[in-house]
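Atoms within each ligand, like the ligands themselves, are counted from 1 in listed order.
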Amino acid sequence: MGNIIVSKCKSCGFSNEFRYGGGRFSYQTNCPVPAINKETLEFENINYLEHKNSDKYLFYTDDVLKGNNHDKNTINNFDLKLNTVNNYCPHCKKKALDFRITMFVD
Ligand SMILES: [Zn+2]
């Protein structure tokens, strides 16, 4: 139901790991999604369900952090969609961050 995803920037080499989507027993209250904190411009892995109406975050499931997705590949969690390529990189600010699933978690 959830995923562990590793990111890698094609431009600067930035990489991190985050969780996307909740577990079988927690998904109604906990749905971790990658986001950019608008105040600090830092990457954070936050609970979408708690913050979806907040002005404080841009989510990677929002179009604003997405770049050109030639192959239209997405990683879906209910109605949330992450592009697998060309997402905003918090380090070099280019749309060059790729996401790859490394693990499926319940
Ligand atoms: Zn980068």
Side-chain angles (χ1 to χ4, degrees):
M1 179 160 268
N3 301 123
I4 304 294
I5 293 178
V6 166
S7 78
K8 175 90 193 212
C9 178
K10 293 188 289 275
S11 179
C12 72
F14 172 88
S15 177
N16 70 5
E17 188 178 89
F18 59 87
R19 174 137 182 175
Y20 175 53
R24 192 187 329 180
F25 301 109
S26 65
Y27 73 95
Q28 287 174 313
T29 52
N30 183 35
C31 181
V33 164
I36 296 292
N37 182 318
K38 287 202 240 175
E39 288 163 17
T40 63
L41 301 180
E42 297 277 335
F43 185 102
E44 293 186 29
N45 198 181
I46 61 164
N47 184 356
Y48 181 81
L49 299 174
E50 269 178 34
H51 297 284
K52 61 183 169 185
N53 297 317
S54 154
D55 296 337
K56 200 175 155 190
Y57 293 101
L58 296 172
F59 297 97
Y60 275 88
T61 49
D62 294 340
D63 286 342
V64 64
L65 296 181
K66 293 176 179 175
N68 195 343
N69 185 15
H70 325 279
D71 298 333
K72 309 267 188 271
N73 284 331
T74 59
I75 307 167
N76 303 333
N77 192 272
F78 296 96
D79 51 352
L80 296 173
K81 293 183 196 304
L82 277 183
N83 283 354
T84 54
V85 296
N86 297 332
N87 297 287
Y88 173 83
C89 172
H91 187 74
C92 69
K93 323 285 187 215
K94 292 184 185 152
K95 296 253 175 93
L97 194 64
D98 291 352
F99 294 152
R100 185 170 57 85
I101 295 172
T102 60
M103 202 185 300
F104 293 89
V105 283
D106 262 344

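- Heavy-atom minimum distance, Met1 versus Gly23: SD-O, 3.7 Å.
- Here Lys95 pairs with Tyr88 under the side-chain contact (heavy atoms from CB on, under 4.5 Å) rule; sequence neighbours left out.
- A donor-acceptor pair under 3.5 Å is absent between the side-chain atoms of Asn47 and the main chain of His51, judged by distance alone.
- Each of Glu44, Lys52, Lys38 was evaluated against Tyr57; a single residue qualifies, Glu44, per the side-chain hydrogen bond (donor to acceptor under 3.5 Å, both in side chains) test.
- A donor-acceptor contact shorter than 3.5 Å is absent between the side chain of Asn3 and the backbone of Ile101.
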- Message: Applying ring-ring contact (aromatic ring centres under 6.0 Å, His included) to Phe99 and Tyr60, what does each step give before you reach the verdict?
- Response: CA-CA 11 Å; Phe99 294 152; Tyr60 275 88; 5.6 Å; yes
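- Protein N, O or S atom count below 2.8 Å of the Zn ion (ligand 1): the structure gives 4.
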